[in-house]
Amino acid sequence: GNSVTQMEGPVTLSEEAFLTINCTYTATGYPSLFWYVQYPGEGLQLLLKATKADDKGSNKGFEATYRKETTSFHLEKGSVQVSDSAVYFCALRLALSHTGNQFYFGTGTSLTVIP
Amino acid sequence: NAGVTQTPKFRILKIGQSMTLQCTQDMNHNYMYWYRQDPGMGLKLIYYSVGAGITDKGEVPNGYNVSRSTTEDFPLRLELAAPSQTSVYFCASRGPGGRSSYEQYFGPGTRLTVT
């Protein structure tokens, strides 16, 4: 079936460290891919997206490239800040013939950045 | 624009009690969703709606009911609360797709405990 798999957390990094959060997906068809971020006590917010293979989504210093050959959409940031501490969710959207657009979310990866 | 608002923020229910979680959006979005977020389990779709008067079941609808009498409101009803319904509930909405790229806008969540 369709699904999203994220690396398990929690992840703890020092400020200015390099971040990678792995995300792979299984999907029939051609999904759009998303990263959402959830800050403490808040709902999820869209961080970045990519709608087709080889697209790169970017926002706030975060990047992710839609890799069809490896079915991956790994999130990266070159230098994390304390304010990046949050839970990060990978998600995909598929247009299914009988049920319309369906969304699948990963389990989330908690990131803590320490000064 | 308030976006998506949810009330209450927190609630403790006794087993067998009922309650309604409120969700309102002011973005004139047709699509609305209810998710539950269990620890380490990501988001699971409970119910969704593609417009006023139209609702459909998601992945985990048992024990819940919804209605959509207006575009703005999408309340979630819990009948006969059970401990398994202890979770954080998120309401989300989105526009029609296309240029909005299917981004979902989330409310801040309701933390429900059933004891």
Side-chain angles (χ1 to χ4, degrees), chain A residues 1-11 21 23-25 27 29-52 55 57-59 64 66 86-96 98-110, chain B residues 2-10 21 23-25 27 29-51 54-61 87-111:
Chain A
N2 303 305
S3 65
V4 176
T5 302
Q6 289 182 236
M7 66 182 280
E8 290 193 17
V11 174
I21 300 178
C23 171
T24 57
Y25 67 88
Y30 303 96
S32 297
L33 300 173
F34 306 84
W35 276 101
Y36 281 82
V37 59
Q38 182 183 27
Y39 297 106
E42 300 182 12
L44 282 68
Q45 306 172 24
L46 181 66
L47 179 60
L48 53 84
K49 65 182 185 292
T51 57
K52 62 182 187 298
D55 271 1
S58 60
N59 186 25
Y66 187 163
V87 180
Y88 293 82
F89 291 87
C90 186
L92 69 84
R93 175 198 70 86
L94 267 178
L96 301 176
H98 296 296
T99 54
N101 288 290
Q102 297 293 316
F103 296 84
Y104 301 86
F105 287 82
T107 54
T109 301
S110 175
Chain B
V4 179
T5 57
Q6 291 182 239
T7 56
K9 284 188 166 39
F10 304 93
L21 282 66
C23 175
T24 300
Q25 53 91 9
M27 296 172 282
H29 286 165
N30 280 330
Y31 297 87
M32 295 188 75
Y33 305 84
W34 273 107
Y35 295 92
R36 57 179 288 172
Q37 182 184 26
D38 299 328
M41 297 297 289
L43 298 175
K44 291 189 183 297
L45 182 64
I46 305 171
Y47 270 95
Y48 67 100
S49 169
V50 301
I54 307 170
T55 63
D56 209 344
K57 295 177 181 178
E59 185 182 358
V60 290
S87 189
V88 180
Y89 291 83
F90 288 101
C91 179
S93 72
R94 71 168 178 90
R99 289 184 180 178
S100 79
S101 72
Y102 304 95
E103 175 182 356
Q104 293 190 35
Y105 294 81
F106 286 79
T110 295
R111 186 175 296 273

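Sequence lines set the chain letters: A, B, ... in the order given, protein chains first and strands last, and positions in each chain run from 1.
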Ring centre gap for B:Tyr102 and A:Phe34 strictly below 6.0 Å: no

B:Tyr31 versus chain A, the contacting section by heavy-atom distance below 4.5 Å: neither

Residue that, paired with B:Phe106, satisfies ring pair (Phe, Tyr, Trp, His ring centres under 6.0 Å) out of A:Tyr36, A:Phe103, A:Phe89: A:Tyr36

Region of A:Gln6 that comes under 4.5 Å of a non-hydrogen atom in chain B: neither

Within 6.0 Å of OH in A:Tyr30, more than 12 heavy atoms from elsewhere: no

Heavy atoms from other residues, nucleotides or ligands near CD of A:Gln45 exceed 12 (cutoff 6.0 Å): yes

Residue part contacting chain B, namely of A:Tyr104, when any heavy atom lies under 4.5 Å: neither

Chain A contact via B:Gln37 - side chain, backbone, both or neither, heavy atoms under 4.5 Å: side chain

